[in-house]
Amino acid sequence: MPYPKVTINHEKYRQNLERMTGILKKHGLDMMVVTKVFRADPHLIEIINNLGVPYIADSRVENLRTIKTDARKVLLRLPSIHEAREVVKEADISLNSEMVTIRALNDAAASMGKSHKVILMVDIGDLREGIYYKGDVSEQAKQIEALSHVELHGIGTNITCYGGVLPTPATIEKLDGAVRSVETAIGRELAMVSGGNSSHLAFLENAHPQSFTNLRIGEALALGRETAYGAVLEGFHDDVFMLEADIIELKEKPSYPEGAIGMNAFGKRPSFEDLGTRRRAILAIGKQDVDQEELRPLDEGVTLIGSSSDHIIADVTDSFESYQVGDVLRFKLTYGSVLSLMTSPYVVKSHV
Ligand SMILES: *Cc1c(COP(=O)(O)O)cnc(C)c1O
């Protein structure tokens, strides 16, 4: 099956990467390129390698294992205590917030004769991972300092993720405070203060002095968007990844189902608006691959009206194209759709 197909434009990704490197350099920051949204695709890894980016970061050990690079590998998701050995083996650095896990990493590293770097995560209000900034951050930092095979590389934070909290000066000041207290407690400067994600970009122009030395960036490179307000970043490509899906049925049908209505294929009670007879296309792609609401048709006359496991239904009545069975509809993508399409084994990945 040649479809459904995600096309991945190497040159556009390379240009996004190059532009981002330049912007961050101007602000004195280095970058961790985050690869989870495209499952650490080896072609894109090669582009990252060619630009000499210092860190490649992913949330899954399985992805880190496949990455061939001279850059330092970073595990983004807090390690599971059950995978301490794999983490030490596959990652040079990991983000952490639990002392018991950090001790397990230390034991694993000791038994393997290796050293492992950790970044201690501090939560400044977004309420995903990290030690709450009013808590015992410097106490934990001192405990890490005392370990033999784990090294405290820096402090990190994650915002605009769970809680949608923005990197405003007031919020960033909470991190700066934690950095100062940790540096005082351990009596040395930290090698890294890592911020991110792509939401940070909208705030870089703020003249506010910050302790960050590094940002972890994924979405802005893959989708050309900052994630605080969802704005397309000037000069970035938002079409590195595109989807093509083909039409397997094309018919005029009523828009309101006939007969008594119970549950749909997903156990929900659907509701419909009667728009009269419409021209409907069924696409050979479904929920198993992507959430239809995360697809943006290039043809503005196309509306996606529903989906089941293996079908998406498009209303093409308002299109100027006279589609035929076998024709292909093209879509721009969002973070959610790139993520699921790149993970679906049913979707062809085509490199251009
Ligand atoms: C995914 C992730 C990022 C990158 O986020 P983007 O919005 O893709 O830039 C940064 N940090 C952590 C901890 C992450 O899990």
Side-chain angles (χ1 to χ4, degrees), residues 13 16-17 19-21 23-24 29-41 44 48 53-64 67 71-80 87 91 93-98 101 117-131 153-167 171-172 175 192-204 212-233 236-238 240-241 294 333-343:
Y13 185 76
N16 282 357
L17 196 56
R19 197 171 170 89
M20 185 62 70
T21 309
I23 291 172
L24 295 189
L29 297 164
D30 61 24
M31 174 162 52
M32 288 187 189
V33 176
V34 175
T35 56
K36 66 192 180 201
V37 74
F38 50 81
R39 246 185 126 196
D41 179 281
L44 297 182
I48 298 166
V53 174
Y55 305 93
I56 297 183
D58 202 287
S59 44
R60 310 227 174 195
V61 175
E62 291 85 344
N63 287 352
L64 289 181
I67 295 174
R72 293 217 194 142
K73 294 189 193 180
V74 182
L75 180 66
L76 290 175
R77 186 168 67 185
L78 305 178
S80 156
V87 172
I93 304 174
S94 60
L95 310 189
N96 284 274
S97 68
E98 291 289 356
T101 307
K117 293 182 165 54
V118 302
I119 292 178
L120 187 61
M121 294 300 279
V122 177
D123 191 324
I124 51 176
D126 194 61
L127 306 184
R128 200 176 73 176
E129 73 271 56
I131 304 166
H153 190 60
I155 296 278
T157 194
N158 200 42
I159 34 180
T160 336
C161 227
Y162 169 75
V165 170
L166 295 171
T171 291
I172 297 304
L175 184 77
M192 176 182 283
V193 179
S194 177
N197 41 53
S198 299
S199 69
H200 225 109
L201 298 167
F203 290 81
L204 278 186
F212 290 107
T213 66
N214 169 280
L215 290 185
R216 308 179 304 274
I217 304 287
E219 174 157 358
L221 302 168
L223 287 126
R225 262 190 293 270
E226 56 82 25
T227 55
Y229 305 107
V232 172
L233 291 163
F236 282 77
H237 301 285
D238 67 348
V240 173
F241 295 87
E294 300 290 316
L333 301 173
T334 63
Y335 191 82
S337 48
V338 173
L339 185 68
S340 67
L341 290 164
M342 290 302 288
T343 309

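Whatever order the structure lists ligands and atoms in, that order sets their numbers, starting from 1.
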J.: Answer yes or no: is there a side-chain heavy-atom contact under 4.5 Å between Ile23 and Phe236?
T.: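 Yes, side chains in contact.
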J.: Could you list the residues that satisfy side chain to side chain contact (heavy atoms under 4.5 Å, CB included) with Thr21, not counting sequence neighbours?
T.: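 Result, side chain to side chain contact (heavy atoms under 4.5 Å, CB included) vs Thr21: Met31.
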J.: For a distance cut-off of 3.5 Å, show me each N or O of ligand 1 paired with any protein N or O, plus the separation.
T.:
from	atom 1	to	atom 2	distance (Å)
ligand 1	8 (O)	Glu219	N	2.8
ligand 1	9 (O)	Ser198	N	3.0
ligand 1	9 (O)	Ser198	OG	2.5
ligand 1	9 (O)	Gly218	N	2.8
ligand 1	9 (O)	Glu219	N	3.2
ligand 1	11 (N)	Arg216	NE	2.8
ligand 1	11 (N)	Arg216	NH2	3.4
ligand 1	15 (O)	Lys36	NZ	2.7
ligand 1	15 (O)	Arg128	NH2	3.2

J.: Does any non-hydrogen side-chain atom of Met32 lie less than 4.5 Å from one of Asn214?
T.: yes
J.: Does the side chain of Thr35 come within less than 4.5 Å of Asn63's, by heavy atoms?
T.: no
J.: Just checking, any donor-acceptor pair under 3.5 angstrom between side chains of Ser340 and Thr343?
T.: no
J.: For the residue pair Met20 and Leu233, establish whether any side-chain heavy-atom pair is separated by less than 4.5 Å.
T.: yes
